[in-house]
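Written below as structure tokens is the structure these notes are about.
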Amino acid sequence: MADFSFFMPTRIIYGAGSIKAEAESLELGKKALIVTGRKSAKASGALDDVLAALSTDYVIFDQVENNPGVDTTVRGGKLARDSGCDFVIAIGGGSPLDAAKAIAVLAVNDVEPLTLYTDGWSNKALPIAAVPTTAGTGSEVTQYAVLTIDEEETKKGLRGPDLFPTTAFLDPKYTQSLPLDVTVDTAVDALSHLVEGYLSNRASPMSDLTAAEGLKIWGQCRTQLEQGNLTDFVRERLLLASCLGGITIAQTGTTLVHALGYPLTYFYHVPHGRANGLLMGQYLQFTHKVAPDRVNQVLTFLGLNSVDGFVHLMDRLLGHYLDELDVPSHKVEEYAAKAMKTNNIANSMGEPTAVQLAKIMEKSIIR
Ligand code: NAP
Ligand code: FE
């Protein structure tokens with residue numbers, strides 16, 4: 001078996017005015033399906049910029065909810081087929097971006113969506129141009145589409161090389177309309193990708209490059225995040241850190257943090273990044289015992305001195321949300337058992353057992 005591979009085919013266009021500057025890279029076909037959430041594409045100004053730059057026909061699908069469900073992607077896929085769209089423009093946070101990826105598959109594969117997880121798909125997804133309006137998921141540079149699966153009471157990632165967007169337009173201006181809480185939650189998602197990527201069993205010298213750089217950039221923003229002092233500079237840096245996090249997890253996958261975070265989102269509606277952040281301190285405590293040098297390296301990149309320093313940082317950013325999170329302790333074992341079945345666990349250092357996962361979760365969320 002090879003030691004590692006590195007694949008990231010997305011063309012990244014980063015900076016103020018990127019859509020206008022490279023409008024030709026937006027047009028990946030003759031007719032676009034524009035996929036968005038209900039408000040953010042308009043509120044951020046990204047939709048206006050896309051429409052001003054686009055010279056092709058288009059249809060808008062603006063029905064994507066947070067943590068999108070499979071049904072939404074079926075509706076989007078049908079609209080793309082019925083309207084003859086041959087490429088997709090995704091605008092929004094991770095939810096619209098991920099939904100757009102599944103829609104790009106379903107547009108050209110008229111199958112039961114859940115079979116995509118088991119059997120894959122035969123026709124390549126429509127090409128996608130992605131415009132993130134949050135700085136968190138890095139979905140604009142990953143081959144993952146995370147969807148909510150009610151039948152299994154969880155969230156699950158579809159993956160495929162054709163889910164990497166062809167082009168990603170990163171303009172920090174689109175993140176200016178984010179409220180402070182969503183900015184913090186999504187920034188912590190980006191942090192979790194960088195940390196988990198660096199501490200993944202699948203980390204390589206090349207994924208370490210993007211993770212380390214992303215962690216240093218994130219570290220430069222942490223004080224301003226705590227203070228709620230979201231300057232243009234901080235917005236720019238966070239968008240870059242988020243993109244570097246996406247490039248990293250595209251290679252390394254995520255770890256037990258994401259696996260344990262999904263039940264908090266599915267059952268208790270904790271936003272994705274916040275769920276990760278609540279778990280990450282205990283994850284670092286656990287991983288420090290088995291890979292102290294790697295964990296110390298993460299802390300150094302972030303400008304922190306100790307795992308406790310990290311725990312306190314997460315506590316200051318997110319700890320107050322624990323007051324409103326009521327997870328009965330008997331449920332924790334059930335969530336840990338479910339998390340054990342995910343691929344993320346094999347990526348986690350220290351071969352965690354179900355009992356250890358339950359401990360990490362219990363210590364994280366039950367005060
Ligand atoms: P999100 O669910 O896309 O958006 C959260 C909220 O923020 C929504 O209400 C959204 O409004 C609003 N919003 C987005 N951009 C805004 C802006 N610029 N101004 C004002 N409001 C804005 O949040 P997210 O954290 O970016 O994405 C989370 C999803 O991504 C989860 O499903 C998670 O599992 C997934 N994820 C995917 C990957 C991957 O590699 N593919 C990695 C990590 C996470 P609207 O309702 O208008 O959209
Ligand atoms: Fe994530």
Side-chain angles (χ1 to χ4, degrees), residues 8 10 35-47 49 61-70 72-73 90-102 128 130-149 154-160 163-165 168 170-197 230 235 238-239 242-243 245-255 257-266 269-277 279-280 344:
M8 212 301 284
T10 305
V35 178
T36 76
R38 300 205 171 95
K39 303 181 312 270
S40 57
K42 290 192 197 88
S44 63
L47 181 62
D49 285 356
F61 180 70
D62 60 0
Q63 304 291 310
V64 181
E65 71 278 27
N66 291 1
N67 305 299
V70 169
T72 305
T73 65
I91 308 173
S95 295
L97 265 49
D98 284 5
K101 292 177 181 181
I128 302 160
V131 185
T133 64
T134 61
T137 71
S139 177
E140 70 278 6
V141 288
T142 73
Q143 72 280 46
Y144 310 125
V146 184
L147 302 178
T148 299
I149 313 283
T154 190
K155 302 185 66 179
K156 252 170 107 170
L158 263 188
R159 69 187 63 193
L163 300 188
F164 277 108
L170 282 86
D171 188 333
K173 175 180 78 184
Y174 304 142
T175 64
Q176 281 171 357
S177 50
L178 284 169
L180 178 62
D181 58 344
V182 185
T183 304
V184 170
D185 292 341
T186 48
V188 170
D189 188 25
L191 175 66
S192 73
H193 300 156
L194 293 161
V195 171
E196 292 172 66
L230 303 169
R235 296 278 190 204
L238 287 175
L239 191 61
S242 158
C243 184
I247 298 172
T248 304
I249 58 164
Q251 321 306 320
T252 63
T254 54
T255 69
V257 173
H258 272 67
L260 289 176
Y262 289 150
L264 298 183
T265 299
Y266 187 85
H269 313 291
V270 181
H272 170 68
R274 188 182 301 172
N276 292 347
L279 295 157
M280 235 189 316
N344 312 50

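Bear in mind that the values here come from a model prediction, so they are computed numbers and not experimental data. Every heavy atom of this structure was used, including side-chain atoms; hydrogens, water molecules and symmetry mates were not. Sequence positions, counted from 1, serve as the residue numbers for this chain. First listed ligand is number 1; within each ligand, the first listed atom is number 1.
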- With atom 15 (N) of ligand 1 as the reference point, say which of V64, T133, N276 has the nearest heavy atom. T133
- of all protein heavy atoms, closest to atom 23 (O) of ligand 1 is G94 N, 4.2 Å
- Contacting atoms of ligand 1, where contact means under 4.0 angstrom from a heavy atom of N67: 31 (C), 32 (O)
- Of the backbone atoms (N, CA, C, O) and the side-chain heavy atoms from C-beta on, which set of K39 has a member under 4.0 Å from an atom of ligand 1: side chain, backbone, both, or neither? both
- Query: Are Q176 and D171 close enough, and set up right, to give a side-chain contact (heavy atoms from CB on, under 4.5 Å), and what steps lead you there?
  - Reply: CA-CA 10 Å; Q176 281 171 357; D171 188 333; over 6 Å; no
- Which atoms of ligand 1 sit under 4.0 Å from any heavy atom of G93? 3 (O), 26 (O)
- Could you pull out the closest heavy-atom pair between G246 and T142, with the gap in Å? O-CG2, 3.5 Å
- Note on the structure: Ranked by distance from atom 37 (C) of ligand 1, the top protein heavy atom is D98 OD2, 3.0 Å
- Query: If every non-hydrogen atom of A250 is compared with every non-hydrogen atom of V141, which pair is closest and at what distance?
  - Reply: CB-O, 3.9 Å
- Heavy-atom proximity to atom 28 (C) of ligand 1, best of D189, T137, D62, V141: T137
- The reported gap from CG in L239 to NZ in K173 (rounded to nearest 0.5 angstrom) is 13.0 Å
- Nearest atoms (heavy-atom pairs only) where C243 meets L170: CB-CD2, 3.7 Å
- P96 touching ligand 1 at heavy-atom level, < 4.0 angstrom: yes
- Query: Within the side chain of Y174, is there an N or O that forms a donor-acceptor pair under 3.5 Å with the backbone of I91?
  - Reply: no
- Item | T254-N344 side chain donor-acceptor pair, cut-off 3.5 Å | yes
- Task: Consider every N or O of T175 and every N or O of ligand 1, then say whether any pair is closer than 3.5 Å.
- Result: no
- Task: Classify the contact between L178 and ligand 1 as side chain, backbone, both or neither, using a heavy-atom distance cut-off of under 4.0 Å.
- Result: both
- Starting from atom 18 (N) of ligand 1, find the nearest protein heavy-atom neighbour and note its residue, name and distance. Y174 O, 2.8 Å
- Give a yes-or-no answer on whether the side chains of K39 and S177 include a donor-acceptor pair shorter than 3.5 Å. no
- Mind checking whether H193 and H272 have parallel, tilted or perpendicular rings, split at 30° and 60°? tilted
- Query: Closest heavy-atom contact between N276 and S192?
  - Reply: ND2-OG, 3.1 Å
- Is H258 close to ligand 1, meaning an N/O of one under 3.5 Å from an N/O of the other? no
- If we number the atoms of ligand 1 from 1 as shown, the ones under 4.0 Å from a heavy atom of V146 are 34 (O), 37 (C)
- Task: Measure from atom 32 (O) of ligand 1 to every heavy atom in K155, K156, H193 and give the option owning the shortest one.
- Result: K155
- In Å and rounded to the nearest 0.5 Å, what is the CG to OG1 distance from D181 to T186? 9.0 Å
- Note on the structure: Nearest non-hydrogen contact to atom 40 (O) of ligand 1 from the set T134, T142, T186 belongs to T142
- Item | Per-atom contacts of ligand 1 with S139, taking only distances under 4.0 Å to non-hydrogen atoms | 39 (C), 41 (N)
- Message: Below a 4.0 angstrom heavy-atom separation, can you tell me which part of A43, side chain or backbone, both or neither, approaches ligand 1?
- Response: neither
- So, T10 and E140: side-chain donor and acceptor under 3.5 Å apart, yes or no? no
- Shortest protein heavy-atom distance from atom 19 (N) of ligand 1, along with the residue and atom involved: S177 OG, 2.8 Å
- Query: Listing residue and atom name, which protein N/O/S atoms are closer to the Fe ion (ligand 2) than 2.8 Å?
  - Reply: D189 OD1, H193 NE2, H258 NE2, H272 NE2
- Would you check the N or O atoms of Y262, main chain and side chain alike, for any that come under 3.5 Å of an N or O of ligand 1? no
- Query: From K101 NZ over to T73 OG1, what is the distance, rounded to the nearest 0.5 angstrom?
  - Reply: 13.5 Å
- Message: Between T183 and R235, do the side chains contain a donor N or O and an acceptor N or O under 3.5 Å apart?
- Response: yes
- Message: I'd like to know if the side chain of T175 reaches the main chain of T133, judged simply by a donor and an acceptor atom lying under 3.5 Å from each other, with no hydrogens or angles considered.
- Response: no
- Task: Indicate yes or no: at least one non-hydrogen side-chain atom of T72 is less than 4.5 angstrom from one of F61.
- Result: yes
- State whether the side chain of K155 and the backbone N or O of Y266 hold a donor-acceptor pair below 3.5 Å, judged by distance alone. no
- Message: Distance under 4.0 Å to a non-hydrogen atom of Y144: what atoms of ligand 1 satisfy this?
- Response: 40 (O), 41 (N)
- Item | Minimal non-hydrogen separation, S139 against D98, with atom names | OG-OD1, 2.6 Å
- Query: ligand 1 and P68, any nitrogen or oxygen pair closer than 3.5 angstrom?
  - Reply: no
- Message: Just to confirm my output: which protein heavy-atom neighbour is closest to atom 12 (C) of ligand 1, and how far is it?
- Response: S40 CB, 4.2 Å
- Report the nearest protein non-hydrogen atom to atom 8 (C) of ligand 1: residue, atom name, distance rounded to 0.1 Å. N66 OD1, 3.2 Å
- Item | Heavy-atom pair with the smallest gap, counting every atom of G92 and L97 | O-CD1, 3.4 Å
- Closest protein heavy atom to atom 7 (O) of ligand 1, given as residue, atom name and distance to 0.1 Å: V182 CG1, 3.8 Å
- Message: Looking only at protein heavy atoms, which one is nearest to atom 2 (O) of ligand 1, and what is the separation?
- Response: S95 OG, 2.6 Å
- One finds that the ligand 1 atoms under 4.0 Å from a non-hydrogen atom of S44 are 18 (N)
